[in-house]
Protein chains: 2
Amino acid sequence: MMPMGGIGVGLDDDSAALDTGAAVSAHEVLAVVLQIRHDRLSVLLWRRALPPCEGLWALPGGRLGGTEGLDESIRRQLAQKVDVRDLTHLEQLETRGEPDRHPRGRTLATAYLGLIPADIDPATPDDTEWHPASDLPAMGFDHAAIVHSARRRLRAKLSYTNVGFALAPPEFTMSELSRYYRAALGHDVAATNLRRVLLRRGQIEETGESVPSGRSGGRPAAVFRFRVRRMEITDAFAVLRPPSDT
Amino acid sequence: MMPMGGIGVGLDDDSAALDTGAAVSAHEVLAVVLQIRHDRLSVLLWRRALPPCEGLWALPGGRLGGTEGLDESIRRQLAQKVDVRDLTHLEQLETRGEPDRHPRGRTLATAYLGLIPADIDPATPDDTEWHPASDLPAMGFDHAAIVHSARRRLRAKLSYTNVGFALAPPEFTMSELSRYYRAALGHDVAATNLRRVLLRRGQIEETGESVPSGRSGGRPAAVFRFRVRRMEITDAFAVLRPPSDT
DNA sequence: GCAAAAGTGTTACAGATACACCCATGT
DNA sequence: ACATGGGTGTATCTGTAACACTTTTGC
């Protein structure tokens, strides 16, 4: 702690930065864009051609514009720089502000988690590539740590929200959906139980259609969709829930 | 979306802000400091004497110093300005960056959630006051919304982590603890079940001591403590948990 | 008919709430 | 003795995993 004068009674907050240097700093926004590709949870990364961190991989993003909000900025940057426009979900992850996190000087970074459904293949520039989230290449700055935050967040939210809608195509069979969950969670998910869990919670519903069975036979699969394609908490308070008052 | 040129293949991220104005902005850190006081979840607020938002209540905090990290900054400001040094828990909540959130010009704010145990009474300046979190006064900026984020975060984490340690004193009886939980959660928590839940999860343990019964008699209460006084997830994956592989 | 994939029924179990009952103390 | 608050035992409920079994298709 700094050995600074007494308590700042009545000070306005404009007076706080006097002794710790200017409060002006660059601010960037970054995105961990995740998609299930070939049954693996994958991140969109970008290879840096110039220093700092030349040759290493980095998260897409860039400087915050002077007149834009944070959400707005990351959406703009993803659309401009990696041509990603089809995010089904976007949420703020965390902000990192260690003074030495960027070799070029003080730069704060606000990171986002973005999700893309498995059925589309956005056209991305040559210097970007999808990497398995469980097997990251050498990354610059603190970006690898941010990717891990994003994975943890996604795993947790698959358990108590309906985020699944953001990973799956608009319509899907239960065995497809269970593959998406398996890829994102990193462990087996039985299609039969997943179906019941998500039905009970009202997350998914049958479309009435079904998909003809493949060349090897088998019963045709029913087609499902998520009822709501916007994040909702479907399983709040697994424990310490309020009394039933019945 | 902006009708901006093609995809930024190979652009370094220094080139992104060209058309959206300078990326320089003020950054402040704010804290929602919560404590259970008189059986109510309370927030420490500060009354603004000067414009903007003169006379309204605001969260403690201030400008980020030029050489400090975000966590470091909020700790410093709480110590200096409201003399709060005994935080048992501090975590980042969210960063707000709407261009118009501050009338004095572009200011980003990173908000923290800070907790103080119920047994201490930090000496705070005259212009600060504790307010019940469920009955906030008129607040400036977007601070009321931030307080609500903090309450939601705390409620959720009481359910699947051991954050209780940060609200309770080092030692406590189960009926005291259940009052803290009731205040934070906003609903009744039966001491008898809370005890079993927290014991099963290994969050708390008996000290062996007991507290003499009060003037009205009654069996003396056993004294407990949290085994770990650092946040841990104790109930991960209430659902969609990995196969038991037994 | 047989293999394959999807879907159903059922059981088992974990973890929580609700509640009746027992225990230890002060007056 | 009895009132008071703490602690234990137990029934019940909810939601999920596990798994055997049935259904529907292709070959």
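Each chain gets a letter, A, B and so on, in the order the sequences are listed, and its residues count up from 1. What you see below is based on every heavy atom in this structure, not just the backbone, and it leaves out hydrogens, waters and symmetry mates. What you see is a predicted model; the values in this text were computed from it and never measured.
- Between B:K157 and the choices B:R152, B:H89, B:E91, the side chain to side chain contact (heavy atoms under 4.5 Å, CB included) rule is met once, by B:E91.
- Nucleotide D:dG15 holds its P atom 14 Å from the CG atom of A:L199, rounded to whole Å.
- Mapping A:A190 and A:R219 onto DNA chain D by nearest heavy atom places A:A190 at the nucleotide closer to the 5' end.
- The base of D:dT10 sits within donor-acceptor range of the side chain of B:R196, with an N or O pair under 3.5 Å.
- Closest to the B:V197 side chain, of the nucleotides C:dA5, D:dT16, C:dT17, is C:dT17.
- Residue B:R179 contributes atom CZ, which lies 9 Å from atom P of D:dG6 at whole-angstrom precision.
- A salt bridge does not link A:R40 with A:D135: none of the charged nitrogens is closer than 4.0 Å to a carboxylate oxygen.
- Computed from coordinates, the B:D235 CG to D:dG15 P distance equals 15 Å when rounded to whole Å.
- For the pair B:Y160 OH and C:dA16 P, the computed distance is 16 Å after rounding to whole Å.
- Here D:dT16 presents its P atom at 14 Å from NE2 of A:H187, a figure rounded to the nearest Å.
- B:A222 comes within contact range of the sugar-phosphate backbone alone, with a heavy-atom separation under 4.0 Å but no base atom that close.
- Taking the centre of each ring, B:F226 and B:F172 come in below the 6.0 Å mark.
- Within a 6.0 Å sphere centred on CZ of A:R101, heavy atoms belonging to other residues, nucleotides or ligands number more than 12.
- For the pair B:L198 CG and C:dG15 P, the computed distance is 14 Å after rounding to whole Å.
- Between A:Y112 and the choices A:L70, A:L30, A:V32, the side chain to side chain contact (heavy atoms under 4.5 Å, CB included) rule is met once, by A:L70.
- Taking atom CD1 on B:I204 and atom C1' on D:dG6, their separation rounds to 14 Å, with Å as the unit.
- The CG-P distance, from A:L177 to C:dG7, rounds to 12 Å in whole Å.
- Contact annotation: A:R195 side-chain N/O to C:dG7 OP1/OP2 distance is under 4.0 Å.
- Taking for each of B:T192 and B:R200 the nucleotide of DNA chain C with the nearest heavy atom, the 5'-most of the two is the partner of B:R200.
- Checking A:N193 against A:A221, the closest nucleotide of DNA chain C that is more toward the 5' end is the one next to A:A221.
- Residue contacts shown for A:T173 are absent, as no nucleic acid heavy atom lies under 4.0 Å away.
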